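Questions regarding the structure given below will be posed in turn.
First the proteins, then the strands, lettered A, B, ... as listed; each starts at 1. Everything quoted here is computed from the prediction, not taken from an experiment.
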Amino acid sequence: MLTGDEYRASVRDGRTSFLSGERVDNASEHRLLGVSVDWVARTYDRLQGEGSSAQSPLFDAPTTPAELASQMELLTASDPTAAITAGCMSLSRVAPALALLNPDYAERLGRVLESVRQEDHRVAAAHTDLGAFGVVGRTADGVVVRGAKQHVLGAAVVHDLVVVPEGDLLEGQTDAAIAFMIPVNTPGVKIVSVTTAPLSEDDRHFPISREYSMADATVLFDDVVVPNERIFLDGETAEAGSLAKTFGLWERARGAADQADRAELLLGLAYTIADMNGLTDVAHIREKLSRLAVYANLCRAGWESALAHAQPASDGAMVPDESAVYAALAYGTDLYSRMVAIVHDVGGASTITAPTVADYENEATRGYVEKYMSTGNNVRGEDRMKVFHLIRDLTADRYSGWLKVTNQMLGGGVLAQQLAALDHYPLTHAQDSVRAAAHI
Amino acid sequence: MMTGDEYRESLRDGRMSFLDGELIDDHATHPLLRAAVDGAAASYDRHFSDDAGARNPLYDIPKTAEDLEKRAELYHHLDMSAHVTGTALMALITVAPELGKVNPKYHERIQNFYNYCRDNDLRCAEVVTDAKGHRKQRPIEQDDPDQYVHVVSRSDEGIVIRGAKLHISAAPLVHEQVIIPTKGMRPGEEAYALCCSVPTNAPGVTIINTTYAPHGDDLRHFPVSGQSNTPEGFVVFDDVFVPAERVFLDGEVEYASSVARALGLWERVGSIMAGDGADRLVGTAQLFAEANGIAERKDVQTKLANLAIYATIVRSAWHAAQANSEVNADGALVPSPLYISAFRYFQANMRQEIQDLIHEIAGSLTVNAPTMADFEQPELQDGLRAALETPGFSAEDRLRMNHHLRDTTADAYGGWGDITSSLAGGGMAAQQVTVLGLYDMDRARTMARESMGLDSERDVHTAASSTTD
């Protein structure tokens, strides 16, 4: 198992990485990308103390509902590359289907996954095409791929990229039916990152994004040579869609679990500010808080339903109920903006106009900030100022914009989440209910 | 009239203005405030004339529907400091006749102040929202009496005020801070029934600013907020002297709400006049649908239709507000508060839903698009061009589109817009109260009774009375 420092050293591997047009040779020491590296490193250090010494608990496959709940707690407490890596490991579930196409595929997939496990690597998932993506050449040793993938979360700070088709393909789209895993420092791989890490030198009024920003990326594949031993699908369109769906499960599951936590945080923020303002028993504030409470409850219920109805997958590993995961995501994302608007309504404009920590430290302004951010003898101005910083960072700034849009688009957007919930719903059961009620 | 450069120079007046813990030496050259000052200076230059008697059309008081339409057109090109100037002065002009009834000096002073600003081409902030302390307690019940700006002493020459006003748009960029009551006051709260104006550099005035202006040297991926932005001031009045000629209300509690209402109305009007925003949003969604190759998809067509319906209703509401305008005793035209408030509520209430629709069409590239600097990088340009180009849209087009959408809806400026749009003019609850108060409920109720075939009101009372007997 890697320590945080060993991980930091491991990403100095000559990868071709850019941020705002500038080459980044060492993400660990970069002011903005370093935020993401530090987050991953903290996960590594925390996992050192958990599980067996031989293998990171990240790679444990839960076999009981209790183990699944425990594994999800571990993933939600970790940086997102942990969940993506765990999702990548679940590709082993597709191996039997791949073996039917070509026995080599299953064997190669098993080897690359074992390599990730042995070396305690982190993986970024590249599935969403940006323009055309696929095989443009072949040699006896492998294939040459060209194109770009977007929204490759954490690409600049992980070790490997798992690349799969975006979704189902038509029969003739054989060049796009390519799946493989390669190190991020493979020649021709170019990572173009964006990040929500605060641009401000003084980032103390960004209490979340200064610690929990994961760099997102567009990854260019500029005639990248992929050796055969790393390819586990090449040309067979039939299984193309199943790969992204399979490894996306853990990312979606983490999304649903995170959503439940975030919904509670929204309620907590609105209640805290209402309490500081002395308004928790005012009718229109209670009405708003009640809507947030319903939202938090149902987001939590959706996620707990996914856990409660977990089923063993084909390899025996327990997985959350897909129908409930999609339904929770669709419900949560559909209402998220309205819930944020309620928090803003309760919080008021100080959300975006509260002075900064530096203002609080300046003797010329400190007294004013303390005096007028306070709402009475029992509420410290500094505390209230910091709550506003949290609301702004979480709901009304760069980090929140990225979070909102990427969550909305998780799984393809709200409509796609709704359709997936429909597809996974036990409709026969619903029909049986109708038959029984109608005495058919 | 002032030129833009003269305006820049006018800000170097010793004002006490802070940002991120530092006293601002020169607003015109500060990296995070320069764009805002430049925007204000451009508003000056756009209308500058050295003709004697020339004045910025901002100070023209609308008296006819055509005047109001012209004012709306003017607002499309105004920076925030000019925008809030128009709002603050129109609020004073609107309420001046009413205040004149309680004290003719108030009316006269407002008129003189208005002339002073117009003749010297000055900018004014609308300084409304108090710190407020405990929200359920009245100003005189607070642990700290300074939680609402109030008069702490009086003399023949003027008054001394203390307190703080928050969320004051463009506060460090203007010449006068026009203080307006945040709400109605009651007997016993005379010290808080206060409307006046003080110069920004008056002793005792301290402004602590925030801004959504982007950090960094390359502002191309902040195409809107990098070019045009506004600081928000936390304005402290620490025993500030206000000469009597700048005091427009002092102690008459029954008129505090009149001033607050007038300001709220013109805030709403201003934000409506400034925007062709709804139509621009529809166009934005259509462009993204085309660039992403999904314009013909059924679900996208449905989203576009919903956006077009929203924009059409927004425009209709503005037309209704104009058509139902009223004229005050001085002849100033005031758009219908009923329609303006209903419109503002509808627009703010729909904002999130409209943005969600656009994000759903635009996709996650909205927040993940590489920067223009990435595109200029020789190692990346060919790959990015191939990845981003779609029929009818170059790679640069798509980058600009996504940066624009992120900047305006999913970044700091977008967050500022979300919050200010819902809170301008007193917030959503204030719009509801205004609409309910102005709506002709009797007429609606009568219509309902008639359609239901109910007895007349008198018969109902008679019947109830005989039952009781």
Side-chain angles (χ1 to χ4, degrees), chain A residues 18 20-22 130-131 147-148 150-151 190 192 194 199-200 202 216 218 220 222 277-279 282 284 337-338 340-341 344-345 348-356 358-359 361-362 364-365 368-369 371-372 374-377 392 395-398 400-402 404-406 408-409 413-415, chain B residues 18 20-21 23 129 131 133-137 142-144 146 164 166-167 206 208 210 214-216 218 232 234 236 299 352-353 355-356 359-360 363-368 370-371 373-374 376-377 379-380 383-384 386-388 406 409-412 414-416 418-420 422-423 427-429:
Chain A
F18 292 87
S20 297
E22 290 183 4
L130 186 59
Q150 62 165 309
H151 185 34
K190 298 172 181 176
V192 189
V194 295
L199 298 172
S200 167
D202 182 353
D216 213 335
T218 297
L220 302 179
D222 188 2
N277 290 350
L279 292 176
V282 170
H284 76 94
S337 297
R338 289 216 166 263
V340 165
H344 291 168
D345 200 20
S350 284
T351 298
I352 48 170
T353 65
T356 63
D359 291 317
E361 288 175 347
N362 186 328
T365 51
Y368 295 141
V369 177
K371 178 181 174 76
Y372 293 114
S374 167
T375 52
N377 292 341
R392 193 207 67 252
T395 67
D397 213 319
R398 187 174 181 76
S400 59
W402 177 86
K404 183 263 176 186
V405 173
T406 53
Q408 183 179 340
M409 299 312 295
V414 175
L415 177 60
Chain B
F18 294 80
D20 290 337
L23 180 65
T129 309
H134 190 292
R135 278 11 183 210
K136 276 178 70 182
Q137 293 171 348
Q142 300 288 333
D143 290 342
D144 177 356
D146 302 338
L166 314 187
H167 338 305
T206 298
I208 305 166
T210 56
H215 288 257
D218 187 348
E232 295 283 335
F234 179 115
V236 180
D299 64 299
Q352 307 289 350
E353 188 175 328
Q355 288 186 173
D356 283 354
H359 289 160
E360 189 88 358
S364 61
L365 201 61
T366 303
V367 290
N368 291 321
T371 64
D374 290 320
E376 288 169 352
Q377 166 62 244
E379 265 195 87
L380 302 176
L384 287 176
L388 289 162
R406 192 211 69 251
T409 66
D411 210 315
W416 178 87
D418 287 347
I419 290 173
T420 53
S422 69
L423 296 175
M428 306 282 278

- Message: Less than 4.5 Å to any heavy atom of chain B: does that hold for the side chain of A/Glu361, its backbone, both, or neither?
- Response: neither
- Query: Measuring heavy-atom distances to chain B, does A/Val369 have an atom under 4.5 Å in its side chain, in its backbone, in both, or in neither?
  - Reply: both
- Item | Contacting region of A/Asn377 [heavy-atom separation from chain B under 4.5 Å] | both
- Item | Any donor-acceptor pair under 3.5 Å from A/Asp216 side chain to B/Asn368 backbone | no
- Note on the structure: Ranked by heavy-atom pairs below 4.5 Å to chain A, first place among B/Asp374, B/Leu384, B/Thr371 goes to B/Asp374
- Item | Which of B/Gly415, B/Ala412, B/Gly363 touches chain A most, by non-hydrogen pairs under 4.5 Å | B/Ala412
- Query: Where on B/Asp144 is there a heavy atom nearer than 4.5 Å to chain A: the side chain, the backbone, both, or neither?
  - Reply: side chain
- Between A/Leu415 and B/Glu360 the two heavy atoms that sit nearest each other are N-OE2, 3.2 Å
- Message: Testing the 3.5 Å rule here: is there a donor-acceptor pair between the side chains of A/Thr406 and A/His151?
- Response: no
- Item | More than 12 heavy atoms of other groups within 6.0 Å of A/Glu22 CD | no
- Query: So what's closer than 4.5 Å to chain A heavy atoms on B/Leu166: side chain, backbone, both or neither?
  - Reply: side chain
- Item | Atom of B/Ser364, atom of A/Val405 and distance for their closest heavy-atom approach | CA-CG1, 4.0 Å
- Has the side chain of B/Glu376 got a donor or acceptor atom that lies under 3.5 Å from a matching backbone atom of A/Gly21? no
- Query: Heavy-atom distance under 4.5 Å to chain B: side chain of A/Leu130, backbone, both or neither?
  - Reply: both
- Note: vs chain A, highest number of non-hydrogen pairs under 4.5 angstrom among B/Asp146, B/Thr366, B/Thr129, B/Leu23 is B/Asp146
- Message: If you count heavy-atom pairs within less than 4.5 Å of chain B, which of A/Ile352, A/Thr356, A/Asp345 leads?
- Response: A/Ile352
- Message: Let's test your reading of the structure: which of B/Asp218, B/Asp356, B/Leu388 forms the most heavy-atom pairs below 4.5 Å with chain A?
- Response: B/Asp356
- Measure B/Ile208 against the heavy atoms of chain A and call it side chain, backbone, both or neither at under 4.5 Å. side chain
- Message: Let's test your reading of the structure: which of A/Ser200, A/Gly147, A/Ala148, A/Ser350 forms the most heavy-atom pairs below 4.5 Å with chain B?
- Response: A/Ser200
- Who wins among B/Glu379, B/Glu232, B/Glu353, B/Gln355 for the most heavy-atom pairs under 4.5 Å with chain A? B/Glu379
- Message: Looking at A/Asp397, is its backbone amide N or carbonyl O close enough to the side chain of A/Ser400 to form a donor-acceptor pair, meaning the two atoms are under 3.5 Å apart?
- Response: yes
- Pair A/Trp402, B/Asp411: side-chain N/O donor-acceptor within cut-off below 3.5 Å: no
- Query: Based on non-hydrogen pairs under 4.5 Å, which of B/Ala387, B/Ala373, B/Gly216 is most in contact with chain A?
  - Reply: B/Ala387
- Message: Report which part of A/Val192 has an atom under 4.5 Å of a heavy atom belonging to chain B: side chain, backbone, both, or neither.
- Response: side chain
- When every non-hydrogen atom of B/Ile419 is compared with those of A/Thr351, the smallest separation belongs to CD1-CG2, 3.5 Å
- Task: Kindly give the heavy-atom pair with the smallest separation between A/Gly278 and B/Lys136, and that separation in Å.
- Result: O-CD, 3.1 Å
- Quick one: of A/Lys190, A/Gln408, A/Met409, who has the most non-hydrogen atom pairs under 4.5 Å with chain B? A/Gln408
